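What follows is one structure encoded as structure tokens, with my remarks underneath.
Because the structure is predicted, anything quoted here is derived from the model rather than measured. Chain letters run A, B, ... following the sequence lines, proteins first and then strands; every chain starts at 1.
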2 protein chains.
Amino acid sequence: MSHRCDAKDLSILAILQQHGRIAIAEIANKLNMSDTPCLRRIRKMEQNGVIKGYGADVDPSALDLNVTVYAFVRLKENSAHFANQFEQAATDLEQILECSVISGAHDYLIKIIAKDLADYESFVKQRLGELKCIASIESSVVLKQTFSKKQLPIRN
Amino acid sequence: MSHRCDAKDLSILAILQQHGRIAIAEIANKLNMSDTPCLRRIRKMEQNGVIKGYGADVDPSALDLNVTVYAFVRLKENSAHFANQFEQAATDLEQILECSVISGAHDYLIKIIAKDLADYESFVKQRLGELKCIASIESSVVLKQTFSKKQLPIRN
DNA sequence: GGTGAAATCTATTTACG
DNA sequence: CGTAAATAGATTTCACC
């Protein structure tokens, strides 16, 4: 279901990554092409999964979410059963924004967002602490987000 | 410049986070309101920064970006000069998607995306390795991304 | 804060090179 | 793969509650 993106597709993606609600005609205009082929390319990329969707980028502090924490999680056993249990639980917890299996001494790296440190602490104790598959959690609190880019690097 | 979001604003945000290109009329319809107030609320949230922007969610593998790595960086000194130097360099490097100052033994956690492990290695050696402010880098390769949610949790 | 209708702009389709 | 014109649909403004 994949698809080879040519240079024009990549140019369209570079624009849409940054301006998700831009008019198709404006994209076409920027790239010196007309609307119809531009729209056709976009619809094709939406259909074959190159474009997974569109979203508004919301300021976390507007939702009173002021603390981000990265946490390393180790499981008690490296069994498929424990892994599935943890991954399902993590998926269901809205405060966990990202969950990755990583190389090295730990099993998972998860990114968590919370209102404040007290909220984070109660999340760890009441939600993660409930999971019997977890052996240890090591938290790294984000003191300052230098930046977070929403765009992937596109090289033409 | 902040703004108190009421329940309707939050409902709008919940929809726009997941469907960034949805028609305003459709949002209004889902929430049993008419177009004009819905649009007014959205424009207000765009202006006061609650909505920071819109973007297409692009599949990294379509751009031949198949490796994600989290790296802990320690600086040689905890001076403002070294911090500024590192943060500016990280901002300029497109492959670094996120850069956070974290608590604990390390100074920064950065998220890097690369074509493959060879590409990542050359990035570390040729780009990061050039920076005189860095004392050490510890990489955690993402073996599998269990999930990555693009939406912040919204509780009404 | 809200409504509903009119005007304007954008997306989509169709016909064709 | 491209263009251009016509239709259908969305956004925005307006007068008003």
Side-chain angles (χ1 to χ4, degrees), chain A residues 1-65 150-152 154-156, chain B residues 1-59 61-64 150-152 154-156:
Chain A
M1 213 54 195
S2 205
H3 172 251
R4 273 224 147 273
C5 291
D6 65 12
K8 260 180 193 161
D9 286 332
L10 295 178
S11 302
I12 292 171
L13 287 177
I15 293 171
L16 277 176
Q17 277 198 133
Q18 291 185 65
H19 308 288
R21 261 188 105 89
I22 193 175
I24 309 297
E26 207 176 328
I27 302 176
N29 191 38
K30 277 177 201 277
L31 303 178
N32 297 312
M33 64 197 300
S34 46
D35 307 3
T36 310
C38 185
L39 180 64
R40 274 206 292 248
R41 283 165 178 274
I42 292 169
R43 290 289 175 268
K44 189 181 276 182
M45 290 192 285
E46 286 168 358
Q47 277 162 26
N48 61 30
V50 171
I51 296 174
K52 293 192 285 181
Y54 300 88
D57 184 16
V58 176
D59 181 1
S61 67
L63 303 174
D64 197 27
L65 296 166
K150 51 186 180 189
Q151 313 102 262
L152 301 173
I154 292 180
R155 288 184 285 278
N156 279 0
Chain B
M1 211 57 193
S2 204
H3 172 251
R4 272 223 147 273
C5 290
D6 65 11
K8 260 179 193 161
D9 287 332
L10 294 178
S11 301
I12 292 171
L13 288 177
I15 293 170
L16 277 176
Q17 276 199 132
Q18 292 185 62
H19 307 288
R21 260 189 106 90
I22 193 175
I24 308 296
E26 207 175 328
I27 302 175
N29 191 37
K30 277 178 202 274
L31 303 178
N32 297 311
M33 63 197 300
S34 47
D35 306 4
T36 309
C38 186
L39 180 65
R40 275 208 290 249
R41 283 165 177 275
I42 292 169
R43 291 290 175 265
K44 188 181 278 181
M45 291 192 286
E46 286 168 358
Q47 276 162 26
N48 61 30
V50 171
I51 296 173
K52 293 192 284 182
Y54 300 88
D57 183 16
V58 176
D59 182 0
S61 68
L63 303 175
D64 197 28
K150 52 186 178 192
Q151 314 94 270
L152 300 173
I154 292 180
R155 288 184 285 276
N156 280 0

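- Residues A25(B) and D6(A) each lie close to DNA chain D; by heavy-atom proximity, the contact nearer the 5' end of the strand is made by D6(A).
- Of the side-chain N and O atoms in K8(A), none sit less than 4.0 angstrom from OP1 or OP2 of dC1(D).
- I27(B) has its CD1 atom 12 Å from the C1' atom of dA10(D), to the nearest Å.
- Under the 4.5 Å side-chain criterion, counting only non-hydrogen atoms from C-beta, L16(A) is not in contact with M45(A).
- Remark: R41(B) is not in phosphate contact with dG1(C), judged by side-chain N or O atoms under 4.0 Å from OP1 or OP2.
- Inter-residue side-chain proximity for L31(A) and K8(A) is flagged as unmet; no heavy-atom pair is nearer than 4.5 Å.
- Take the nearest nucleotide of DNA chain C for I22(A) and for M33(B): the residue whose nucleotide is more 5' is M33(B).
- Of the candidate nucleotides dG1(C), dT3(C), dG2(D), dG1(C) has the atom nearest to the side chain of K44(B).
- When the nucleotides dT12(D), dG2(C), dA5(D) are ranked by their closest atom to the side chain of T36(A), dA5(D) comes out on top.
- In this structure a side-chain-to-backbone donor-acceptor pair under 3.5 Å is present from Q17(B) to L152(B).
- Closest to the side chain of D35(B), from the set dA11(C), dT11(D), dG2(D), is dT11(D).
- Closest to the side chain of I24(A), out of dA11(C), dA10(D), dT12(D), is dA11(C).
- Under 4.0 angstrom from either OP1 or OP2 of dT12(C) there lies no side-chain N or O belonging to R40(A).
- You'll find the side chain of K150(B) stays beyond 4.5 Å of the side chain of K52(A), heavy atoms only.
- In this structure, of dG2(C), dA10(D), dT13(C), it is dT13(C) that holds the atom nearest to the side chain of L39(A).
- Rounded to an integer number of Å, the gap from CG of D9(A) to C1' of dC1(D) is 12 Å.
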